[in-house]
J.: 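This is the structure I have questions about; it appears just below.
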Amino acid sequence: MPVNPNDDPYYRLRHSLAHVMAQAVLELFPEGKIAIGPPVENGFYYDFDLPRPLTPEDLAEIEARMRRIISGNHPFVYRVVSAEEARELFRDQPYKLELIEGLIQGADEYGERQEGNGAPAGGTVISTYRQDTFEDLCRGPHLEHTGQIDPEAFKLMSIAGAYWRGNEKNPQLQRIYGTAWNNRAELEQYLWRLEEARKRDHRRLGKELDLFSVSDEVGPGLILWHPKGAMIRVIAEDFSRQAHLNAGYEWVFSPHVGRAHLWETSGHLDFYKENMYAPMDIEGDTYYVKPMNCPFHIQIYRSHLRSYRDLPRRYAEYGTVYRFEKSGVLHGLTRVRGFTQDDAHIFCRPDQVEEEIGHALDFSLYVLRSFGLSEFTAYLSTRPEKYVGRAEDWDRATAALERAIEAHALPYKRDEGGGAFYGPKIDLKVNDALGREWQLSTIQFDFNLPERFDLEYIGEDGQPHRPYMVHRALMGSMERFLGVLIEHFAGAFPLWIAPVQATIIPITDKQMEYACQVRQHLTDAGLRVELDDSRDRMQGKIRRAQLQKVPYMLIIGAREQETGAVAVRTRAGEDLGAMPLAAFVERALEEVRTRAG
RNA sequence: GCCAAUGUAGCUCAGUCGGUAGAGCAGCUGUUUCGUAAACAGCCGGUCGCCGGUUCGAGUCCGGCCAUUGGCUCCA
């Protein structure tokens with residue numbers, strides 16, 4: 001998304017660099033066609049239609065030309081042109097001509113309709129900016145001259161394909177991304193952050209820490225959890241399941257496939273079919289692998305006649321679903337084809353909605369905070385133009401969502417009309433240790449499925465009524481959640497989550513027997529420990545445990561053996577010295593109990 | 001799905017002009033018994049992603065496919 005000029009101090013710099021880059025590219029490819037080039041987060045891009053694919057060498061050449069242009073101290077000159085002048089000026093630039101026609105119709109330079117920004121009735125003002133030999137259709141603003149750009153504070157980052165106007169029916173252009181900052185120190189800081197993000201990439205750590213893999217033999221987007229990754233998942237699932245039970249949810253299980261008729265009733269075969277795996281024929285009946293759990297939970301609800309006194313019912317499940325995602329969108333654990341949702345469906349009366357939503361949001365925050373995530377942004381999506389259900393139900397539900405957000409004093413953004421056709425929702429995004437935003441929790445109303453499945457409960461009046469239905473997932477999917485946790489902690493999990501909590505390191509094999517006793521003792525105390533009985537020296541064992549980010553290393557030499565102690569080293573490199581075994585157990589259990597870290 | 005790049009040992013990578021495969025780590029074996037981030041030596045390990053083509057000869061060149069990566073689009 002292009003950024004707003006008013007609230008981004010880098011807007012002029014980055015926008016100006018986009019123009020400078022366009023000039024450099026046209027110098028290199030005089031016959032090239034230019035599309036649009038806005039500032040974005042951390043930098044800018046420009047889209048081009050060029051006679052051949054760009055190479056990394058081209059980027060170096062373009063950068064060099066940009067520096068030369070910058071050194072010319074060229075002013076950015078603004079002028080307003082008439083539609084006729086604009087058409088003449090850009091007669092060889094078909095994309096610009098298309099934009100100009102849009103401007104005449106009152107759209108902005110990105111083709112978006114302008115509302116109430118003072119656009120004259122005859123269309124938007126058409127203006128250009130020129131620096132050196134290059135004049136571009138542009139609303140601005142820009143820097144005063146290229147001399148205000150630090151030639152050491154920008155860098156061209158990558159070449160990517162991008163559809164003209166973001167529509168996959170349109171031709172695909174070549175997009176060059178650049179990053180730009182006020183000075184070299186800022187640029188280096190940004191590059192350092194990228195490097196840091198690369199180091200904690202969950203795909204890299206997943207391999208290094210032996211947490212999970214994806215096998216070509218199994219298929220793309222399908223995760224194999226190795227013992228250590230699975231351990232983390234078991235811990236997370238156990239914790240969350242217990243929390244659900246404590247919070248009044250009822251645990252359920254449902255199958256992985258269901259008959260076609262179920263998916264016809266739910267509507268999935270109408271509006272979700274391209275995301276479902278192909279059907280299978282079983283004894284002449286058609287079955288589909290489930291892309292969602294809702295229809296199953298609904299069947300559980302429908303298994304009895306429900307009284308108003310039975311509500312709310314909250315059914316929770318770790319439901320594994322399969323969705324056919326396009327091959328190009330798959331990404332590690334965060335975008336996969338098979339994943340397990342921590343899914344729950346709440347069936348309640350209209351008068352219970354307020355409390356249920358408040359409770360669900362409260363519960364989400366509690367669970368996420370327990371895992372060390374503390375920064376959240378809520379996104380409220382409201383009624384779109386096309387919707388099902390009654391407007392008054394939507395209003396009541398939306399108000400309940402809004403009050404829940406406000407009661408928790410969460411920062412939030414409204415996406416007016418951004419809800420699904422079946423109901424309004426809150427999405428909760430978390431910020432990780434590097435400040436990156438991840439979508440995890442979602443709380444969604446559904447005014448569609450209760451109708452389609454004809455859900456009801458018998459009210460006080462003895463008449464049937466339609467219950468409200470709420471979908472919600474806290475961690476979202478276990479796959480994505482663990483991916484986020486890996487990156488948040490950079491693989492150095494707090495003690496309570498760490499798959500291996502301590503590595504026992506005997507200095508020589510004379511201590512092996514005592515080391516085995518220590519292992520037994522710690523295991524009996526409920527701790528997850530490994531004994532390094534390799535023939536490496538102590539330093540080598542420490543290094544290996546360190547690289548595996550094991551929270552504690554328990555070093556055992558002759559002295560410890562004599563006194564029944566362990567010498568404790570933390571993965572932070574801190575040497576806590578020798579302590580009685582019982583003292584370490586107490587320390588570790590307390591750390592687990594408080595989920596410190 | 002689209003654009004581009006990449007795919008060589010379990011991992012990280014090198015491999016020149018087309019001439020028959022290389023390192024470090026890991027693993028195995030032996031020696032070493034050692035006090036807070038890598039002891040030493042030897043050995044094992046490859047259908048160079050897959051299929052086809054060009055060539056006397058292909059990891060290397062060409063075509064198709066698969067997968068991965070960066071984006072786009074998508075994520076009701």
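Just so it is clear: chains get the letters A, B, ... in the order the sequence lines come, proteins before strands, and each one is counted from 1.
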J.: More than 12 heavy atoms of other residues, nucleotides or ligands under 6.0 Å from NZ of A:Lys549: yes or no?
T.: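 Result for NZ/A:Lys549: enclosed.
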J.: Give the rounded distance in Å between these two atoms: CD of A:Gln548 and P of B:C11.
T.: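 Computing the A:Gln548:CD to B:C11:P distance gives 15 Å.
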J.: Is any side-chain nitrogen or oxygen of A:Ser158 closer than 4.0 Å to OP1 or OP2 of B:G71?
T.: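 No, A:Ser158 has no side-chain N/O under 4.0 Å of OP1/OP2 on B:G71.
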J.: Rounded to whole angstrom, note down the C1' distance from B:U60 over to B:G18.
T.: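 Nearest-Å result for B:U60 against B:G18 at atom C1': 6 Å.
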J.: OP1 or OP2 of B:C11 versus the side-chain N and O atoms of A:Arg203: is any pair under 4.0 Å?
T.: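 False: A:Arg203 side-chain N/O out of range (4.0 Å or more) of B:C11 OP1/OP2.
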J.: Answer yes or no: is there a donor N or O on one side and an acceptor on the other, between the side chain of A:Gln501 and the main chain of A:Leu495, under 3.5 Å?
T.: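 Yes; judged by distance alone, with no hydrogens or angles, the pair exists.
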J.: Has the side chain of A:Arg535 got a donor or acceptor atom sitting under 3.5 Å from an opposite partner on the base of B:U32?
T.: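 It does, because a donor-acceptor pair links the side chain of A:Arg535 to the base of B:U32 below 3.5 Å.
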J.: For atom P, what is the distance between B:A23 and B:A41, given to the nearest Å?
T.: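 About 15 Å, rounded to a whole number of Å.
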J.: B:A37 C1' sits how many Å from A:Ile505 CD1, rounded?
T.: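 Distance check: A:Ile505 CD1 to B:A37 C1' gives 10 Å.
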J.: Quickly work out the A:Tyr177 OH to B:A5 P distance and round it to whole Å.
T.: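 So the two atoms are 18 Å apart, to the nearest Å.
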J.: Quick check: on RNA chain B, is the nucleotide nearest A:Arg544 upstream (toward 5') of the one nearest A:Val329, or the reverse? Name the residue that is more 5'.
T.: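 Checking each residue's closest nucleotide, the 5'-ward one belongs to A:Arg544.
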J.: Taking B:G46 as the reference, what is the distance to B:A21 when you measure between their P atoms (whole Å, please)?
T.: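 The answer is 13 Å between these two P atoms.
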J.: Check every atom of B:G71, B:A76, B:A37 against the side chain of A:Leu547 and return the nucleotide holding the closest atom.
T.: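 In terms of side-chain proximity for A:Leu547, the closest of B:G71, B:A76, B:A37 is B:A37.
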J.: Keeping A:Lys290 on the side-chain end and A:Pro295 on the backbone end, is there a donor-acceptor pair under 3.5 Å?
T.: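 It does not hold such a pair.
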J.: I'd like the P distance from B:G27 over to B:G19, given in whole Å.
T.: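 Each nucleotide's P atom is 35 Å from the other's.
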J.: Could you state the atom-to-atom distance from CD1 of A:Ile176 to P of B:C3 in whole Å?
T.: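 Taking atom P of B:C3 as the reference, CD1 of A:Ile176 is at 18 Å.
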J.: Indicate, with a heavy-atom threshold strictly under 4.0 Å, whether A:His471 touches base, sugar-phosphate, or nothing.
T.: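 Nothing, no heavy atom under 4.0 Å.
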J.: For A:Asp47, does its backbone N or O pair with a side-chain atom of A:Gln174 as donor and acceptor, under 3.5 Å?
T.: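 Judged by distance alone, no pair lies under 3.5 Å.
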J.: Could you give the CG-to-C1' distance, from A:Asp532 to B:A38, as a whole number of Å?
T.: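 Checked: the CG to C1' distance equals 13 Å.
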J.: Which whole number of Å gives the distance between the P atom of B:U12 and that of B:G53?
T.: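 Those two atoms are separated by 32 Å.
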J.: Between A:Lys425 and B:A76, is there a contact of a side-chain N or O with OP1 or OP2 at under 4.0 Å?
T.: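 No, because none of the side-chain N or O atoms of A:Lys425 sits under 4.0 Å from OP1 or OP2 of B:A76.
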J.: Go through the N and O atoms of the side chain of A:Tyr45 and the base of B:G71, and report whether any donor-acceptor pair is under 3.5 Å.
T.: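 Looking at the base of B:G71, it does not pair with any donor or acceptor on the side chain of A:Tyr45 (distance under 3.5 Å).
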J.: Test A:Arg472 against A:Ser364 for side-chain contact (heavy atoms from CB on, under 4.5 Å), laying out the working first.
T.: CA-CA 9 Å; A:Arg472 45 106 291 187; A:Ser364 294; 5.8 Å; no
J.: Please step through salt bridge (charged side-chain N to carboxylate O under 4.0 Å, His left out) for the pair A:Lys510 and A:Glu560, ending with a clear verdict.
T.: CA-CA 12 Å; A:Lys510 293 194 187 74; A:Glu560 286 74 23; over 6 Å; no
J.: Nearest whole angstrom, please: distance from the P of B:A76 to the CZ of A:Phe447.
T.: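 Between P of B:A76 and CZ of A:Phe447: 18 Å.
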J.: Within the modelled atom types, does a donor on one side and an acceptor on the other bring the side chain of A:Gln511 and the base of B:G35 under 3.5 Å apart?
T.: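 Side chain to base: no pair below 3.5 Å.
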J.: Assess whether one donor atom and one acceptor atom, taken from the side chain of A:Gln172 and the base of B:C2, lie less than 3.5 Å apart.
T.: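 A donor-acceptor contact between them is present.
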J.: Does B:C75 have OP1 or OP2 sitting under 4.0 Å from an N or O in the side chain of A:Arg323?
T.: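 A:Arg323 to B:C75 OP1/OP2: no side-chain N or O under 4.0 Å.
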J.: Give the rounded distance in Å between these two atoms: CD of A:Gln174 and C1' of B:G70.
T.: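 Taking CD of A:Gln174 and C1' of B:G70, I get 14 Å after rounding.
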J.: Has A:His331 got a side-chain N or O lying under 4.0 Å from the OP1 or OP2 atom of B:U68?
T.: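 Answer no for this pair, as no side-chain N or O of A:His331 is under 4.0 Å from OP1 or OP2.
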J.: Taking only N and O in the side chain of A:Arg335, is any of them less than 4.0 Å away from OP1 or OP2 of B:C75?
T.: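 Indeed not, no polar side-chain atom of A:Arg335 lies that close.
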J.: Between B:G63 and B:U55, how far apart are the two C1' atoms, rounded to whole Å?
T.: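 Straight-line distance between the two C1' atoms is 16 Å.
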J.: Would you classify A:Ala567 as touching base, sugar-phosphate or nothing, given that sugar-phosphate means primed atoms plus P, OP1 and OP2, and contacts are heavy atoms under 4.0 Å?
T.: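 Here A:Ala567 touches the bases of the nucleic acid.
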J.: Roughly how many Å apart are B:C65 and B:A58, using the P atom of each and rounding to a whole number?
T.: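 The answer is 23 Å between these two P atoms.
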J.: I'd like the P distance from B:A5 over to B:C43, given in whole Å.
T.: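 So the two P atoms sit 42 Å from each other.
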J.: Expressed in angstrom and rounded to an integer, what is the separation of A:Leu209 atom CG from B:U12 atom P?
T.: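 Taking atom P of B:U12 as the reference, CG of A:Leu209 is at 14 Å.
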